A.B. asks: 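I have a structure I would like to understand better, so I am pasting it below and will then ask my questions one at a time.
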2 protein chains.
Amino acid sequence: MHRRTAATSLGNRHLLDFMSQAKGNNHKKAGQRHTRPLDSAQSIVQNPYEPSKGLISTMSSRPTTVTLKQVAAAAGVSVSVASRVLNGHAKAYRISDQTEQQVRGIASELDFRPSQIARSLRLQKSKMIGVVIPDLSNPFFAAISREIALAVEAEGFSVLVADSRETTSIEQELTGELQSRQVEGLVVCPVGVDGSHLLTVHQSGLPIVLVDRGFPDFPMMQVTSDHRRGSEQAAELLLAQGHRTIGILQGLPGTLPNEERLGGLRETLQRHDLKWDADLVDGDNFTEQSGYESTHRLLSKRPDITALFALSTPNAMGALRATQEQGIQVPDELSIVSFDDSPYSDLMAVPLATVCQDVPRIGKQAAALIIQSIQAKSPPKFEIHQVTTKIVKRSSIAKASPR
Amino acid sequence: MHRRTAATSLGNRHLLDFMSQAKGNNHKKAGQRHTRPLDSAQSIVQNPYEPSKGLISTMSSRPTTVTLKQVAAAAGVSVSVASRVLNGHAKAYRISDQTEQQVRGIASELDFRPSQIARSLRLQKSKMIGVVIPDLSNPFFAAISREIALAVEAEGFSVLVADSRETTSIEQELTGELQSRQVEGLVVCPVGVDGSHLLTVHQSGLPIVLVDRGFPDFPMMQVTSDHRRGSEQAAELLLAQGHRTIGILQGLPGTLPNEERLGGLRETLQRHDLKWDADLVDGDNFTEQSGYESTHRLLSKRPDITALFALSTPNAMGALRATQEQGIQVPDELSIVSFDDSPYSDLMAVPLATVCQDVPRIGKQAAALIIQSIQAKSPPKFEIHQVTTKIVKRSSIAKASPR
DNA sequence: ATGAAAGCGCTAACAT
DNA sequence: ATGTTAGCGCTTTCAT
């Protein structure tokens, strides 16, 4: 109570002092600055206060943990009563109103927070779910993590995130780590080439859902875009504009999204009685670098190419950069379509036509599945959820014309 | 052992079957597809296997947790011996080589994973750190989270992430939640307007570091860019091109990054004997919407503006959109500089000059501080780390000329 | 060289 | 209406 008040008033003071404080700091630093080169990656450290005065003195050096036992003692009741009250079982146990108030009062006065660790151990449920992502800084995966975090928080779960750095062996370690932390469920965006460890997890009975890069023959829950249909949409668009020779900038071969996108394209071409030419496929990753290199290779190898289909946004960005270098006009000399949207695709040098994935929906779906699977005590289902994509036409596509 | 083998061989089979499987799936779905409108946000659910056969039968319906006790029993030793062996204290306790091998063997055979929950309770340390972020889908914050995750994982910590949705009250709840989960440290990117709860956390003795939006008068560890210096760089650039009337698209007023960026600009102008005109500042958030609206307002209100300084990338994107609508040529009629980089800034309709923040460094620094603070038993330091920015000139800036 | 037992903080029978 | 106690899985004294 007392502490709370102090904190608040300081919070206010902060706003009042904001500008002047900041200016003060700046003056002190002014001298130093000019001694460093402008773009050196250094950071300035300030230690404005001596350790011995003001606020700091009220601070304990170790986190102070108030236990239920202490609350009970302070309230003059047994731990069981305290526990029951604080878990809302007061009336179920006919605890007197007076006792209840007493306990509640003391608890909030002491700022009691039940140890979730102890709780987890006792209840045999951690209320945590694990999320394993190949690259948290990739906006696609970040958005998915976010949806999952928001959705499961609403159900009282916390999320442990782990970044596998696009590496299967790390993914394997991390899932193990999360299991030993007793997560109640696992959402993983697999790196996508070998998933045997995921199968092991699944067989152990831990609820698991795979997102984006899945394994169609693994009998577990999976959610991805309908890559195949998305590719179809892109292909139809290109074909309608008269394109017959389409270069493909692929991502990581062997992964489900890559193969499905390729498959959708191939089928569509065949349906239009065009032969499938493996020579037109190039690339080895979902990265900008890969897109850049394959564009250069494809364009020099095959001058008859009139359009490029990039299997990811970074692949498309690489293509943009490569065409810029070669002085090729998009879309006049070459059309480009991309899979995957980025927020500013429409503000690019040439606004990029794109097969958009419904990222929020993918995330929400994954969250819903894992929660449901945790709460239902039934054995995990095998369900593959394919989320519909949407094609957005932008000016990077035009009628086919020879380069 | 047995299970492991089965899993691996299945993983291989998957690769072989990949294409045909996928094609099979597709055929089955073909009929359904055409009954749905193309862009409906629906997802297709498949349940390819009946629950009663093949792999599924080997799967237990509840997660099967092997305990230390079971390992000990199977190995014919006491739990203490088992514990000591598995924690690498074998020789320290002169445990016989034979016993050690015995225990190790059984443990790996049973795929034993020590319960971190129990361990945490006993050791009074969770080996978890909490990360609170205003918006996990924002690439800036996502990148910071990633750096933190990678760095702390290396030290054996796991990270609990929480998304505060740019809302102080949620941030407050989440920090409480994380505290009760016994995290050993907290990294928070505060929403930035009221931080009293963070002060309370700090006073409780839990290590905490603030990132990006800090509070200069809170005596705790903080790391942000050197916003002030960054702004200075941008301003100097604009001034050198002859700009004298600069419109400012600001972010969330009252937050440290916003005020510092504003401050740096103001100082630079004053140093060049230009008066500070508050009328030239517009905007209420770090969003594209805010940037878009303030651009429209500023340009119609002040025809003498020759350059725009956007205090965030989204603000700048809003400006780009607004100028496109008004048919204003950038940079010929109007120059734009932005704070904050985005990966594809150079591929935008007009490549955007930018004050780049060293995001990875910010993240690494935060991680290093929290780890160090957890490991050192000394009371938390008050240190503000300012990470140097770098200005990147691109073609969105040109000599000043009247519109 | 190994074991027994206490106890981390909590919940839920099982007493009164 | 409230208290006592066992035990979740683990580590670590303290015995032997």
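Below, chain A is the first sequence line, B the second, and so on; all start at residue 1. If you're wondering where the values come from, they're calculated on a predicted model, not measured in any experiment.
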A.B. asks: Ile95(B) near the nucleic acid: base, sugar-phosphate alone, or nothing, with a heavy-atom cut-off under 4.0 Å?
C.D. replies: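 The residue Ile95(B) makes sugar-phosphate contact but no base contact.
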
A.B. asks: Are the side chain of Ser180(A) and the backbone of Gln116(B) linked by a donor-acceptor contact shorter than 3.5 Å?
C.D. replies: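 Not confirmed, Ser180(A) side chain does not pair with Gln116(B) backbone.
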
A.B. asks: Nearest 0.5 angstrom please: Ile144(A) CD1 to Gln365(A) CD, how far?
C.D. replies: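 Here the rounded value is 12.0 Å.
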
A.B. asks: I want to check one thing: is the phosphate of dC10(C), taken as OP1 and OP2, less than 4.0 Å away from some side-chain N or O of Ser120(A)?
C.D. replies: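 Looking at the OP1 and OP2 atoms of dC10(C), neither is under 4.0 Å from any side-chain N or O of Ser120(A).
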
A.B. asks: Under 4.0 angstrom, heavy atoms only, what part of the nucleic acid is Leu123(B) near: base, sugar-phosphate, or nothing?
C.D. replies: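 The answer is sugar-phosphate, as Leu123(B) gets under 4.0 Å only of primed atoms, P, OP1 or OP2.
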
A.B. asks: Per the atom types in the model, does the base of dA4(C) pair as donor or acceptor with the side chain of Ser80(B) at under 3.5 Å?
C.D. replies: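 Side chain to base: pair present.
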
A.B. asks: Would you classify Thr65(A) as touching base, sugar-phosphate or nothing, given that sugar-phosphate means primed atoms plus P, OP1 and OP2, and contacts are heavy atoms under 4.0 Å?
C.D. replies: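 Result for Thr65(A) = nothing.
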
A.B. asks: Which residue lies toward the 5' end of DNA chain C, Val79(B) or Leu121(B), if each is placed at its nearest nucleotide?
C.D. replies: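 Final value for this comparison: Val79(B).
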
A.B. asks: Ignoring hydrogens and angles, answer whether the base of dG9(D) and the side-chain atoms of Arg113(B) contain a donor-acceptor pair closer than 3.5 Å.
C.D. replies: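 Answer no: no donor N or O sits under 3.5 Å from an acceptor.
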
A.B. asks: Among dA1(C), dG3(D), dT5(D), which is the nearest nucleotide to the side chain of Arg84(A)?
C.D. replies: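 When the side chain of Arg84(A) is considered, dG3(D) is the closest of dA1(C), dG3(D), dT5(D).
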
A.B. asks: Between Ser115(A) and dC8(C), does any side-chain N or O lie under 4.0 Å from OP1 or OP2?
C.D. replies: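 So the side chain of Ser115(A) is outside the cut-off, no N or O lying under 4.0 Å from OP1 or OP2 of dC8(C).
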
A.B. asks: Does dG9(D) have its OP1 or OP2 closer than 4.0 Å to a side-chain nitrogen or oxygen of Gln124(A)?
C.D. replies: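 Gln124(A) to dG9(D) OP1/OP2: side-chain N or O found under 4.0 Å.
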
